Amino acid sequence: MFKKAQKDDKFFQLFDKVAETALKAANMLEEFLEDLSDSEEKLKKIKDVEHEGDALQHQILEQLNQTFLTPFDREDIYMIAKYMDDIIDYIESTASRFVMYNVNYATDDAKKLSSMISSCCKEIIPLMKEIRNMKENKNIKELIIEINRLETEGDKVSRTAIRNIFTGEIEVLEVIKWREIYQFLEDTLDVCEDVANVIEGVVMKNA
């Protein structure tokens with residue numbers, strides 16, 4: 001049975017904050033890809049958000065070390081914190097590649113994948129709130145199904161985009177650049193699904 005620990009609220013508040021920070025970073029990436037002018041300055045702002053995510057992960061892990069009775073398994077708390085941090089890190093890494101490789105345009109597929117990342121992050125926010133109840137319900141199922149759907153659709157978009165750069169008349173260096181960018185975008189969606197899967201497991205174990 002689920003037992004409420006004294007410091008439960010602290011964990012849930014931090015989960016809410018890190019979910020909001022991930023959405024903030026995802027929205028910034030969308031804006032970044034829509035207009036790559038002043039990309040270095042915009043990247044700095046995304047890096048600032050990434051630092052916010054790092055600080056929140058540190059707070060979660062610190063709270064984990066200080067709390068004897070946790071609201072659910074310590075390993076699951078750790079994995080949620082890790083995967084949420086990974087989402088934000090991958091977003092920052094994606095934007096960094098445009099600056100590092102001097103890529104001054106975004107493809108429609110890159111924009112589509114970025115939009116899917118934002119959509120996933122929007123779904124994660126209410127999903128984080130649902131784990132307070134520790135009960136499997138229709139809302140949780142729908143949120144997880146939508147995140148899974150977006151990740152699956154993202155895989156299709158990514159595979160098509162990568163096939164296009166290898167079959168099109170694109171210089172080898174450009175192929176290498178875009179292959180890596182698409183990989184980071186796909187990895188971000190994968191980690192969003194990882195978060196949903198961990199939360200689904202938490203709910204199933206504590207229902």
Side-chain angles (χ1 to χ4, degrees), residues 14-36 39 42-57 60 78-101 103 105-128 143-165 175-201:
L14 288 169
F15 287 152
D16 287 344
K17 286 181 182 178
V18 77
E20 290 165 3
T21 303
L23 178 58
K24 180 179 177 181
N27 288 339
M28 290 175 74
L29 179 62
E30 272 198 272
E31 294 170 6
F32 181 86
L33 296 185
E34 284 296 330
D35 181 7
L36 281 160
S39 59
K42 292 172 182 175
L43 176 60
K44 289 178 183 177
K45 294 178 180 178
I46 294 175
K47 285 181 178 291
D48 287 341
V49 176
E50 190 265 334
H51 293 324
E52 291 176 22
D54 287 342
L56 286 166
Q57 185 198 35
I60 293 170
Y78 172 80
M79 293 309 298
I80 290 173
K82 178 189 181 300
Y83 288 144
M84 290 304 302
D85 188 59
D86 285 347
I87 292 172
I88 302 169
D89 285 348
Y90 279 134
I91 288 171
E92 186 274 329
S93 294
T94 301
S96 291
R97 265 52 192 180
F98 282 86
V99 175
M100 286 170 55
Y101 299 150
V103 177
Y105 70 97
T107 63
D108 288 340
D109 287 328
K111 291 177 183 179
K112 188 180 295 184
L113 289 166
S114 178
S115 176
M116 290 177 176
I117 291 168
S118 291
S119 295
C120 278
C121 289
K122 287 176 185 174
E123 300 296 320
I124 288 173
I125 287 177
L127 191 58
M128 287 293 189
L143 292 167
I144 291 171
I145 287 170
E146 178 60 11
I147 292 171
N148 291 338
R149 185 194 69 78
L150 287 164
E151 191 277 334
T152 300
E153 185 63 26
D155 281 347
K156 294 177 184 177
V157 173
S158 180
R159 285 196 296 268
T160 300
I162 291 169
R163 184 172 64 247
N164 288 341
I165 62 173
V175 170
I176 294 170
K177 292 175 185 179
W178 277 103
R179 175 68 181 86
E180 188 166 336
I181 289 169
Y182 286 134
Q183 187 61 60
F184 272 106
L185 288 164
E186 183 179 349
D187 287 346
T188 310
L189 284 169
D190 288 344
V191 181
C192 288
E193 185 177 46
D194 289 337
V195 172
N197 290 340
V198 173
I199 293 176
E200 182 178 32

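Keep in mind that this is a model prediction, so the values were computed, not measured.
At distances below 3.5 Å, not a single donor-acceptor pair connects side-chain atoms of S115 with backbone N or O atoms of K111. Side chain of S118 to backbone of A26: a donor-acceptor contact under 3.5 angstrom is found. Not a single donor-acceptor pair under 3.5 Å links the side chain of K47 to the backbone N or O of S96.
Among residues two or more places apart in sequence or in another chain, the side-chain hydrogen bond (donor to acceptor under 3.5 Å, both in side chains) test is passed with Y101 by E180. Shown here are the salt bridge (Lys or Arg N to Asp or Glu O under 4.0 Å) partners of R179, two or more places apart in sequence or in another chain: there are none.
Considering only heavy atoms from C-beta on, F98 stays 4.5 Å or farther from S39 through its side chain. Residues N197 and I147 form no side-chain contact, since every pair of their non-hydrogen atoms from C-beta on lies 4.5 Å or further apart. The side-chain heavy atoms of I91 and E50, taken from C-beta on, include no pair separated by under 4.5 Å. Taking the side chain as every heavy atom from C-beta outward, M84 and I87 approach each other to under 4.5 Å. For the pair I125 and E20, the minimum side-chain heavy-atom distance is below 4.5 Å. Inter-residue side-chain proximity for M128 and I80 is flagged as met; some heavy-atom pair is nearer than 4.5 Å.
Distance CD/E92 to CG/D54: 9.0 Å, rounded to 0.5 Å. For the atom pair L143 CG and L127 CG, the distance stands at 5.5 Å (nearest 0.5 Å). The CD1 atom of I181 sits 11.5 Å away from atom CD1 of I162, with the distance rounded to the nearest 0.5 Å. The distance from the OH atom of Y90 to the CG atom of D85 is 11.0 Å, given to the nearest 0.5 Å. Between the CG atom of L185 and the CE atom of M116 there is a distance of 11.0 Å, given to the nearest 0.5 Å. Atom CG of D190 and atom OH of Y83 lie 10.5 Å apart (nearest 0.5 Å).
Here the closest heavy-atom approach between residue T21 and residue G53 is recorded as CG2-N, 4.0 Å. Looking at every heavy atom in both residues, V175 comes nearest to I165 through CG2-O, 3.4 Å. Considering every non-hydrogen atom in both I124 and A19, the closest pair reads CG2-CB, 4.2 Å. Taking all atoms of both residues into account, the shortest heavy-atom contact from A95 to I46 is CB-CD1, 3.8 Å. Of all heavy-atom pairs spanning M28 and V49, the tightest one is SD-CG2, 3.4 Å. Pairing each heavy atom of L150 with each of S119, the nearest pair is CD1-CB, 3.7 Å.
Screening residues 154-163 for side-chain hydrogen bond (donor to acceptor under 3.5 Å, both in side chains) gives S158-E186 as the qualifying pairs, with residues at least two apart or on separate chains.
Of the N and O atoms on the side chains of D187 and Q183, at least one donor lies less than 3.5 Å from an acceptor on the other residue.
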Pair Q57-V18, side-chain contact (heavy atoms from CB on, under 4.5 Å): steps then yes or no: CA-CA 8 Å; Q57 185 198 35; V18 77; over 6 Å; no
Derivation and outcome, salt bridge (charged side-chain N to carboxylate O under 4.0 Å, His left out), residues R149 and E146: CA-CA 5 Å; R149 185 194 69 78; E146 178 60 11; 2.8 Å; yes
L113 vs T188, side-chain contact (heavy atoms from CB on, under 4.5 Å): CA-CA, chis, key distance, verdict: CA-CA 9 Å; L113 289 166; T188 310; over 6 Å; no
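Between D108 and K112, no side-chain nitrogen of the basic residue sits less than 4.0 Å from a carboxylate oxygen of the acidic one, so the salt-bridge criterion is not met. Under 4.0 Å is where a charged nitrogen must lie from a carboxylate oxygen, and between D35 and K42 at least one such pair does.
The only member of D109, N164, T94 that meets side chain to side chain contact (heavy atoms under 4.5 Å, CB included) when paired with Y182 is D109.
Below 30°, between 30° and 60°, or above 60°: for W178 and Y105 the angle between ring planes is between 30° and 60°, a tilted geometry.
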